[in-house]
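Order of the sequence lines sets the chain letters (A, B, ...), proteins ahead of strands, with each chain counted from 1. For the numbers below, each heavy atom of this structure counts, side chains included, while hydrogens, waters and symmetry mates do not.
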Amino acid sequence: MKRALAFILTLAVMGILLSSFGWIRGFWKVEKSESFVKMKSEIKKGEILFFPPEISMTEVTDDVRRNFLEYEDKLLMARKAMKDVWKKYKINGTFFDEKGSGQPNFKQYQKLLQLRREIIQANNLQNHPLDSRDLNLSGITQTVFVNTPKINYGYGSLSKELNTPYFAISGYILFNISPKNRAMRNYAYEKDFRGRGVFHYYYCILVDVESSEIIYREFKKLPLKLNGLVMHQFLNESYQVFSKNLES
Amino acid sequence: MVLKCKKYLILPLILVAFPFVAESQIVYPPEFEENYYQKTKEAISTENGMNSEQATVFYEALYETKRNLFMNNLVYFEDDFSSYIQDLTERVLRTIPGLREEIEVYVTRNASRNAFCMPDGSIFINMGLLASCESEAQLAFIIAHEAGHYEKEHARNRVQKLLLLNEEQEGSDVNEGTFFRSLKYSREDEFESDGFALGTAQEAGFNPKEAAGALKILDDSVVFNIAVPDVIKMLSSELIQLDSSYFDTYDESEYDQGESLKIEEDNELLRTHPNIDKRILAINEIIESMPEAYSGGENYLIKSESDFKNFRSECKYELITNLFQRSEYVTSLLLAIENLHQHPDDQEMKVNVIKNLYQIAYFKEIESIDNILKMNTLGNSNLMPVIKGFVSKVSFNELRKVAFGYTKKELKLTQDDEELLFYYGLITKSYLGNEPARHIFSKYRTAYPNGKYIVYVNTLR
C-alpha cells in the first residue's frame with residue numbers, strides 16, 4: 001500500500017515537474033537556406049543589422065484585446081537580453097536605431113520598414129512554419145528550406161548603403177485564444193486561430209538582401225511567463241544554436 | 001583677461017559649429033520619434049470623460065493603430081501625394097483655421113476606396129480612394145467629411161456608447177463585446193458630417209454637387225474597363241495561345257477575402273460609411289436648401305482639371321506598385337492590364353504585367369498561390385473572379401510560358417528598360433534555365449552597372 005502510494009506520489013511530482021518544464025521540450029524549429037551553409041564564414045565576419053524586436057499580442061476572450069501597454073517593458077527587456085547574448089556568443093549584431101553615425105537616413109529607414117514588411121510577407125505567404133502540422137513537432141528540428149522564402153528583388157542597394165547584406169527581424173507572438181461567448185468563438189473561427197489556449201512564440205528571421213532570400217529562420221515556443229530572466233535563458237539557447245550553425 | 005577672451009571665443013565657435021552638429025544628426029518626422037506607450041499612458045491619466053478601464057481600451061487601440069500604420073511603412077511621408085493632400089486640407093479648412101490646426105492628414109498605401117478619421121484628429125486617406133476620385137472637389141468633400149467626424153466628436157462618442165453597452169451586457173452569452181468590430185458611425189453621425197462637409201467645402205470654394213460622386217466612389221465596386229477577350233489577346237503570344245476556357249469564374253466563396261497582412265484593416269476603428277443611397281438623397285436635399293447657391297470657385301482649385309487627371313494616373317501607378325509590394329500580385333496584374341489596354345505604349349505598365357506574372361508563376365510553383373488569391377484589398381470588382389479563375393487554373397509551367405512569350409513579344413516593340421531587362425532575365429532563368437539567362441544578365445551588367453538590381457545580378461555570376 002505504502003509502495004503504491006509512493007509510486008502515485010512520485011508520478012504526480014514528475015507530472016508537475018514535466019508540465020512546469022514542458023516548454024523546454026516544446027516546439028522549436030530552425031531552418032537554413034542552402035546559401036546559409038555556403039556563406040556562414042561571411043555571416044560570422046559581417047554585421048547583422050537587427051530591427052528592434054516587436055511584440056504582437058492577441059487576446060480573444062470576451063472581447064478582442066491587444067494589451068498594447070504591456071509590450072513596453074517586455075520590449076526593453078528583449079532588447080537588453082538580445083544585446084547580452086550577442087556579446088556572449090560574439091555575434092556582431094546591431095539594432096539599426098542604435099547605429100550611431102551610421103544611422104540610416106529617413107529614406108533608408110522607410111526602405112527598411114518596407115523590408116521588414118516584405119520579410120513578414122515572405123514568411124507568411126511561403127510555407128508558414130506555424131502551420132498546425134508543424135506545431136506538433138517537439139524538440140529542435142534543424143532543416144534546410146525546401147523552398148527558400150524569397151523577398152522581392154531591389155533591396156540589394158541597402159547592403160552598400162548600410163555596409164551589410166544581413167538583416168534580421170525578431171519578436172514575440174503572444175496568443176490567448178479562449179473565446180468565452182458565441183460571438184468570440186465565431187471571431188476566432190473566422191480569423192483562423194487553429195489552437196485554443198495561451199501560446200507564446202519567439203521568432204528570428206535572417207535575410208540576405210543581396211540574394212533576396214531568407215537564409216535562417218527560427219521559431220520557438222516560449223514559457224507563458226515572459227520576464228527578463230526567462231528571455232535571457234531562451235535567447236541563450238537560441239544563439240548557442242545559431243553560433244554552432246555558423247561554426248559547424 | 002585670457003579667460004574672458006576664451007569665453008568670448010567659445011560662444012561664436014559654438015554658434016558656428018552648431019549647424020554642422022545639427023546636420024550630422026538624422027531627424028525623422030515626429031510620427032516616427034513618438035513614444036506611443038508614453039502617449040497612451042498620458043492620455044489615460046488625463047482622460048476625464050471615461051473611466052480608467054474604458055480609457056485604457058480606447059487609447060491603446062488608438063495609439064497602437066497609429067504606431068502600426070507608421071511603423072509598417074503604410075503611410076506616405078515627404079512626397080508629392082502627402083504634400084498635395086496637406087495643401088488641399090489647408091484650402092478646404094481655410095475658413096476654420098482652429099480645426100485645421102488640430103487635424104493631421106495622411107495618405108496610406110492601402111488599395112481600398114476608403115478614408116477614416118481617428119478620434120485624435122488624424123485623417124487617413126487611402127491611395128485606392130485618391131486614385132478613384134474624379135475631381136479635386138470630390139477629394140475636398142471627403143477631407144471635410146472626415147474633419148466633420150472629428151469636429152463633432154463622433155468616434156469618441158460612439159466608443160463611449162459601445163463601452164457602456166459592453167459593461168451592461170457583461171456575462172451575457174450574446175455579448176458582442178467587440179466595440180472595435182462594431183464601431184461604425186451611426187446614420188445620424190454620417191448625415192451630420194455630410195452636412196458639415198457640404199457647408200465647409202462650399203465656403204472654401206468647392207462645388208458641393210460633387211459630394212454625391214464622392215459617396216458613390218466609396219460605395220461602388222470597382223469596374224475594370226476591359227473585356228476578357230482583350231485580356232486573352234494581350235497575354236497570348238506566338239508561344240502560347242490562350243482561350244476563354246482558361247478564364248472560368250473563380251469561386252470566391254471558398255476563401256475569405258484579404259486576411260493576414262492587412263494590418264490597418266484589422267482594426268475596426270477604420271470601418272465607416274454605410275447607407276450611401278440615402279446619404280446621397282440627403283445631400284441633394286441639403287444642397288437645395290442651402291441659403292446661397294454655389295457660384296463657382298475654380299480659382300480655389302490647387303490642380304487644374306488636366307493636372308488632376310495626371311495626378312490620378314500617378315496615383316494608379318503608385319497603387320499598382322503598392323499592391324506588388326504587398327504581394328497582391330493578381331490585383332496588381334489586373335490593374336496593370338487595364339491601364340495597358342487604355343495606354344498600349346506604356347512601358348512601365350508592360351513591366352508591371354511581366355513582374356506580376358513572374359511572381360504569380362513563382363507562387364504557383366511553390367504551391368502557395370492560395371495565399372495570394374485570398375488577398376484583395378481593392379474590394380469587389382467585375383473582372384477579379386475571372387482573372388483569379390485564370391491564375392488558379394493555369395499550371396505554373398504554362399504561366400511561365402505566358403510570361404516568357406509576353407516578354408519576348410513586348411521586347412520587340414519597346415525600348416531598352418532596366419526593369420524589363422532584369423525581369424526578362426529572371427523569366428528566362430525560370431523558363432529556359434541558367435545558361436540563356438546568364439547572357440541576359442551579362443547584358444544588364446553592361447548596360448546598368450549601377451542599376452537597382454545590380455547587387456542581385458552580381459550574385460548570379
Inset, instruction - Would you mind reporting whether B:Phe324 and A:Asn152 have side-chain heavy atoms less than 4.5 Å apart? - result: yes
Legend entry - Minimum side-chain heavy-atom gap B:Ile44-A:Leu69 below 4.5 Å: yes
Proximity breakdown for [X] and chain A, heavy-atom pairs closer than 4.5 Å:
X        : value
B:Asn458 : neither
B:Tyr456 : both
B:Phe77  : both

Legend entry - Worked check of side-chain contact (heavy atoms from CB on, under 4.5 Å) between B:Phe32 and A:Leu113: CA-CA 11 Å; B:Phe32 293 85; A:Leu113 292 178; 3.8 Å; yes
Inset, instruction - Starting from the C-alpha separation in whole Å, work towards a yes-or-no answer on side chain to side chain donor-acceptor pair (under 3.5 Å) for B:Glu365 and A:Asn147. - result: CA-CA 10 Å; B:Glu365 187 187 356; A:Asn147 294 105; 5.9 Å; no
Legend entry - B:Asp80 atom CG, over 12 foreign heavy atoms within 6.0 Å: no
Inset, instruction - Inspect the surroundings of CD in A:Glu34 and state if more than 12 heavy atoms from other residues, nucleotides or ligands are less than 6.0 Å away. - result: no
Legend entry - Which atom of A:Glu210 lies closest to which atom of B:Val455, heavy atoms considered: CG-CG1, 3.2 Å
Inset, instruction - Of all the heavy-atom pairs spanning A:Gln126 and B:Ser368, show the shortest one and how long it is. - result: CA-OG, 4.0 Å
Legend entry - Donor-acceptor under 3.5 Å (B:Gln325 side chain, A:Arg117 main chain): no
Legend entry - Heavy-atom donor-acceptor pair, A:Gln110 side chain to B:Asn73 backbone, under 3.5 Å: no
Counting only heavy atoms closer than 4.5 Å, note whether [X] contacts chain B via side chain, backbone, both or neither.
X        : answer
A:Ile151 : neither
A:Pro104 : both
A:Lys150 : both
A:Thr58  : neither

If you measure from [atom1] on [X] to [atom2] on [Y], what distance do you get to the nearest 0.5 Å?
X        : Y        : atom1 : atom2 : result
A:Gln114 : B:Asn322 : CD    : CG    : 8.0 Å
B:Arg326 : A:Leu125 : CZ    : CG    : 11.5 Å
B:Gln359 : A:Tyr153 : CD    : OH    : 7.0 Å
A:Glu72  : B:Thr40  : CD    : OG1   : 9.0 Å
A:Ser157 : B:Ile454 : OG    : CD1   : 12.0 Å
A:Glu70  : B:Glu60  : CD    : CD    : 7.5 Å

Inset, instruction - Report yes if the distance between the aromatic ring centroids of A:Tyr109 and B:Tyr28 is under 6.0 Å, otherwise no. - result: yes
Legend entry - Ring centres under 6.0 angstrom apart (A:Phe68, B:Tyr36): no
Inset, instruction - Give the member of B:Thr56, B:Leu426, B:Ile372 that has the highest number of heavy-atom pairs under 4.5 Å with chain A. - result: B:Leu426
Legend entry - Top of B:Tyr362, B:Tyr63, B:Phe70 for chain A proximity - count of heavy-atom pairs under 4.5 angstrom: B:Tyr362
Legend entry - Worked check of side-chain contact (heavy atoms from CB on, under 4.5 Å) between B:Glu78 and A:Lys107: CA-CA 9 Å; B:Glu78 297 177 1; A:Lys107 214 170 180 183; over 6 Å; no
